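Encoded as structure tokens, the structure appears first; notes follow it.
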Amino acid sequence: IHVCLYLTPYSHQIRIQIFPYCLFNVLLMLSLEIIDDHYAGTHIIEISSQGHTFLTLVVAFLLVSRVNIGLNRYNQARDCLGVMYRESRELIQSCCVFSNHTTDQVAKEWRNQVAYRTLLLLRLSMAVIDYPTTNVPAWDVPELRGAELEDIKASIFVTPEVRRWAHGERSEWEETMRVPIRMAYLLRKTVHSQGTVLTEPLAMAQENQMLGSINSFMNGYYGIRKFITTPVPFSLIQMARTLLFLYVFTVPFVLSFILI
């Protein structure tokens with residue numbers, strides 16, 4: 001158990017939570033052993049190991065199901081995160097390659113703004129993922145500043161001037177998840193502005209390729225957000241936890257072959 005806990009996040013908190021149950025189970029086993037020694041040969045009711053064997057199969061099935069669900073969610077979330085990082089690199093590289101024939105100051109500022117907003121989009125997406133542990137909303141990250149910060153604060157419903165347009169109350173976490181979407185909108189505007197900013201505008205296919213990278217990035221972000229907002233089915237967790245507790249706390253009775 002100790003090794004498995006180190007393989008999970010927040011292992012210190014988990015060890016603190018599970019220690020009382022382990023201690024109770026050990027004390028229960030010791031108590032049964034003392035009673036068994038004191039009343040040796042006078043068992044009135046005995047527990048058959050067959051029922052416990054059947055319970056072992058049920059618990060194993062539920063635990064394996066939960067592990068498989070968790071592993072599948074982990075792999076899919078990792079793939080979505082990989083898409084976000086990959087498309088960020090692709091977008092910045094495409095921006096530099098497609099416009100390298102234009103070397104004036106305006107083109108350099110355009111490339112810098114595309115790169116900055118791309119990295120900012122990735123940073124805000126990570127802020128959404130980290131919010132359950134950090135409680136820091138995306139609009140409070142130190143990298144967000146200037147025109148981007150003003151635009152985002154003017155579009156989120158936690159701002160008093162904008163709150164009146166919201167349909168019902170929204171939590172800070174719900175508003176945090178909207179920030180990368182607004183940032184993607186600003187990034188698309190920057191990419192599309194090349195037609196009026198650059199002295200030699202990009203071809204339509206090149207602009208579409210850059211916009212396609214943003215679309216792929218957002219698909220990865222929506223996949224991550226799906227896992228954040230969609231928990232594992234409660235009935236599976238409830239049955240697995242209940243039967244696991246029942247299995248663990250009946251082990252001492254089965255080993256001692258008595259019931260009190």
Side-chain angles (χ1 to χ4, degrees), residues 5 7-14 17 62-91 117-144 148-149 151-160 162-188 211-242 244:
L5 291 176
L7 299 178
T8 59
Y10 320 110
S11 58
H12 178 68
Q13 291 85 346
I14 295 178
Q17 293 175 2
L62 292 175
L63 289 180
V64 170
S65 299
R66 284 195 61 183
V67 170
N68 287 334
I69 292 175
L71 184 61
N72 291 333
R73 288 168 62 91
Y74 168 79
N75 289 330
Q76 294 180 24
R78 184 188 63 177
D79 292 340
C80 293
L81 192 61
V83 168
M84 293 164 58
Y85 276 89
R86 183 192 67 209
E87 294 302 331
S88 297
R89 292 190 296 267
E90 291 295 325
L91 177 58
R117 289 189 170 180
T118 301
L119 297 177
L120 195 56
L121 175 60
L122 182 60
R123 176 66 181 91
L124 296 177
S125 300
M126 295 305 300
V128 173
I129 298 174
D130 295 336
Y131 181 83
T133 56
T134 62
N135 289 326
V136 177
W139 55 83
D140 283 343
V141 297
E143 293 83 2
L144 181 61
E148 291 80 9
L149 177 60
D151 183 272
I152 287 176
K153 284 192 172 181
S155 61
I156 56 178
F157 293 137
V158 295
T159 305
V162 188
R163 187 177 302 168
R164 66 179 184 273
W165 303 109
H167 298 284
E169 292 293 329
R170 295 188 179 182
S171 65
E172 187 178 72
W173 193 17
E174 291 176 321
E175 287 301 297
T176 295
M177 288 188 288
R178 295 180 60 245
V179 173
I181 300 175
R182 183 65 183 183
M183 193 67 241
Y185 165 76
L186 297 178
L187 180 56
R188 289 188 175 100
L211 293 176
S213 294
I214 302 176
N215 294 337
S216 298
F217 182 99
M218 294 307 296
N219 288 335
Y221 169 72
Y222 288 133
I224 290 290
R225 197 174 72 165
K226 177 183 67 176
F227 292 113
I228 294 176
T229 56
T230 307
V232 178
F234 173 75
S235 58
L236 180 61
I237 297 177
Q238 182 187 40
M239 291 300 298
R241 181 175 298 179
T242 303
L244 180 60

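Sequence positions, counted from 1, serve as the residue numbers for this chain. Because the structure is predicted, anything quoted here is derived from the model rather than measured.
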Can you tell me how far apart [atom1] ([X]) and [atom2] ([Y]) are? Round to the nearest 0.5 Å.
| X | Y | atom1 | atom2 | value |
| --- | --- | --- | --- | --- |
| Met183 | Arg117 | CE | CZ | 5.0 Å |
| Met84 | Arg89 | CE | CZ | 12.0 Å |
| Ile129 | Ile228 | CD1 | CD1 | 5.5 Å |
| Glu143 | Leu120 | CD | CG | 7.5 Å |
| Met126 | Leu81 | CE | CG | 5.5 Å |

Side-chain contact, heavy-atom cut-off 4.5 Å: [X] with [Y]?
| X | Y | value |
| --- | --- | --- |
| Leu121 | Tyr221 | no |
| Val136 | Tyr131 | no |
| Ile214 | Leu211 | yes |
| Tyr222 | Ile181 | yes |
| Met177 | Thr229 | yes |
| Trp173 | Pro132 | yes |
| Leu91 | Glu87 | no |
| Thr118 | Phe217 | no |

What is the minimum heavy-atom distance between [X] and [Y], and which atoms define it?
| X | Y | result |
| --- | --- | --- |
| Ile224 | Ala77 | CD1-O, 3.3 Å |
| Glu175 | Arg178 | OE1-NH1, 2.9 Å |
| Arg182 | Ser155 | CG-OG, 3.6 Å |
| Ala138 | Leu124 | O-CD2, 3.3 Å |
| Ser125 | Pro180 | OG-CB, 3.8 Å |
| Asn215 | Arg188 | OD1-NH2, 2.8 Å |

Practice problem: Can you spot which of Glu90, Arg86, Met218 makes a side-chain contact (heavy atoms from CB on, under 4.5 Å) with Ser213? | Solution: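 That would be Glu90; it is the only one of Glu90, Arg86, Met218 passing the side-chain contact (heavy atoms from CB on, under 4.5 Å) with Ser213.
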Exercise. Mind running side-chain contact (heavy atoms from CB on, under 4.5 Å) on Arg123 and Leu144 for me, showing each step along the way?
Key: CA-CA 9 Å; Arg123 176 66 181 91; Leu144 181 61; over 6 Å; no
Quiz prompt | Atom CZ of Phe227 with >12 non-hydrogen neighbours under 6.0 angstrom | solution =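 Buried by this count: over 12 neighbours within 6.0 Å.
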Quiz item: Would Trp139 and Thr176 satisfy side-chain contact (heavy atoms from CB on, under 4.5 Å), going step by step from the backbone distance to the final call?
Solution: CA-CA 7 Å; Trp139 55 83; Thr176 295; 3.7 Å; yes
Practice problem: Apply side-chain contact (heavy atoms from CB on, under 4.5 Å) to the pair Val128 and Arg225, showing each step before the final yes or no. | Solution: CA-CA 8 Å; Val128 173; Arg225 197 174 72 165; 5.5 Å; no
